[in-house]
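Just so we're on the same page: letters track the sequence lines, and every chain starts at 1.
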Number of protein chains: 2
Amino acid sequence: MRIGELSKATGVDVETIRYYEKAQLLSAPARSDNGYRTYTQAHLERLAFIRHCRALDIPLAAVQRLLTFVDSPQSDCGEIDQLIDAQLARVRARLASMHALERQLMALRGQCTGPHSAAECGILHDLVAAAHGEACVCHQN
Amino acid sequence: MRIGELSKATGVDVETIRYYEKAQLLSAPARSDNGYRTYTQAHLERLAFIRHCRALDIPLAAVQRLLTFVDSPQSDCGEIDQLIDAQLARVRARLASMHALERQLMALRGQCTGPHSAAECGILHDLVAAAHGEACVCHQN
DNA sequence: AGAATCCTTGGAGTCACTACAGGGTCAAGC
DNA sequence: GCTTGACCCTGTAGTGACTCCAAGGATTCT
Ligand SMILES: [Zn+2]
Ligand SMILES: [Zn+2]
Ligand SMILES: [Zn+2]
Ligand SMILES: [Zn+2]
């Protein structure tokens, strides 16, 4: 399988596949006489594994760790759990901060009521007031 | 005010302040005889404004646009609204995808029940199964 | 005088790609 | 035989918003 075929089969961009190779996530494939990369079914599965992990927003460093477990099935799965737990914690932390952000932005957005000059815009007013150390509608509690 | 004092007054790292200057968000301050930057109260407020926007995760390019409105108060505030709306939309999009991610990761996490070998770990099983094109617990709907 | 702290510039590193630039290879069509 | 177009190669630079470091100059404390 050439790189373009692998790309089509997995939906992963050609440049991304080469990037994974350089980043040591995908082992360097054999080369044909003209220097083209030739992939096997094993490469395809490994790439699919990586993309599935990335769909869960797992960092590549953690994906690399997970791949070592695929290769050594007899080792204990404790670290796998840890990696997923860490990812879950990260997602939850971001979820919470995104929630707070949404509230703050909605409050801020509500300060502008229709078209007027920037000098009279409640949004700008609030942002400037906060920069002066005064209370802002978005961060008041 | 020297850069260290400004840093302490605002809680913004010295390197970040210099970065904002290079990125043209903060105008270049006067220099004293020894070449040290000397900031005014106006700089402090501008920096606080930037940080407040950043607390709302507004991209620096958008912060730059907002700053032009601070400087020209007679212009119409329509673009201000647009910028905040765009930010709100971005936050909501990320919120939705973080929600989905949390569900997926919880489902995946539930596959591992106690300590065992990687070969028997439900998490790894699921990830590998998905790479084979089979259904995975995290993305099944 | 010497040490600690501050300031300067410039460049490299982060993450996970993405986008070239400048070339080589190969099959089909004329 | 030649051109066209689709592929492939390497290597480098860019993204956003910082963060870290090296190598040196200035100031301040003891
Ligand atoms: Zn307005
Ligand atoms: Zn606020
Ligand atoms: Zn397990
Ligand atoms: Zn899945």
Which letters describe nucleotides 9-14 of chain C, given B = protein heavy atom under 4.0 Å from base, S = only from sugar-phosphate, - = neither?
B-----
Starting from the first five and the last five pairs of the helix from dA1(C)-dT30(D) to dC30(C)-dG1(D), work out the angle between the resulting helix axes, to 10 degrees.
30°
Please list all pairs meeting side-chain hydrogen bond (donor to acceptor under 3.5 Å, both in side chains) that have one or both residues in residues 6-18 of chain B, counting only residues at least two apart or in different chains.
none
Can you name the ring-ring contact (aromatic ring centres under 6.0 Å, His included) partners of Phe49(B), sequence neighbours left out?
none
Determine: side-chain N/O of Thr16(A) to OP1/OP2 of dT18(C), distance under 4.0 Å, yes or no.
yes
Compare the minimum distances between each of dC7(D), dC9(D), dT19(D) and the side chain of Ile3(A), then state the nucleotide with the smallest one.
dC9(D)
Go through residues 79-98 of chain B and report each residue with a non-hydrogen atom lying under 4.0 Å from DNA chain D, sorted by number.
none
Here the distance between atom P of dC6(C) and atom CG of Asp33(B), to the nearest Å, is 21 Å
The complete set of ring pair (Phe, Tyr, Trp, His ring centres under 6.0 Å) pairs with one or both residues in residues 112-132 of chain B, sequence neighbours excluded, reads none
List the residues meeting side chain to side chain donor-acceptor pair (under 3.5 Å) with Gln64(A), not counting sequence neighbours, and say none if there are none.
none
Distances under 3.5 Å only, N/O to N/O: pair up the protein atoms with those of nucleotides 27-30 of chain D.
residue, atom, partner, partner atom, Å
dT27(D), OP1, Asn34(B), ND2, 3.1

Once the angle between the rings of His99(B) and His99(A) is folded into 0 to 90°, is it parallel (under 30°), tilted (30 to 60°) or perpendicular (over 60°)?
perpendicular
Exactly one of Ile58(A), Leu56(A), Ile50(A) clears side-chain contact (heavy atoms from CB on, under 4.5 Å) with Arg54(A), and that residue is Ile50(A)
side-chain contact (heavy atoms from CB on, under 4.5 Å), paired with Tyr19(B), selected from Leu60(B), Leu25(B), Val14(B)
Leu60(B)
With sequence neighbours excluded, what pairs up with Tyr20(B) under the ring-ring contact (aromatic ring centres under 6.0 Å, His included) test?
none
Who are the salt bridge (charged side-chain N to carboxylate O under 4.0 Å, His left out) partners of Glu79(B), not counting sequence neighbours?
Arg65(B)
Asp33(A): what forms a side-chain contact (heavy atoms from CB on, under 4.5 Å) with it, not counting sequence neighbours?
none
Per the under-4.0 Å heavy-atom filter, residues of residues 54-64 of chain B near DNA chain D come out as Arg54(B), Pro59(B), Leu60(B)
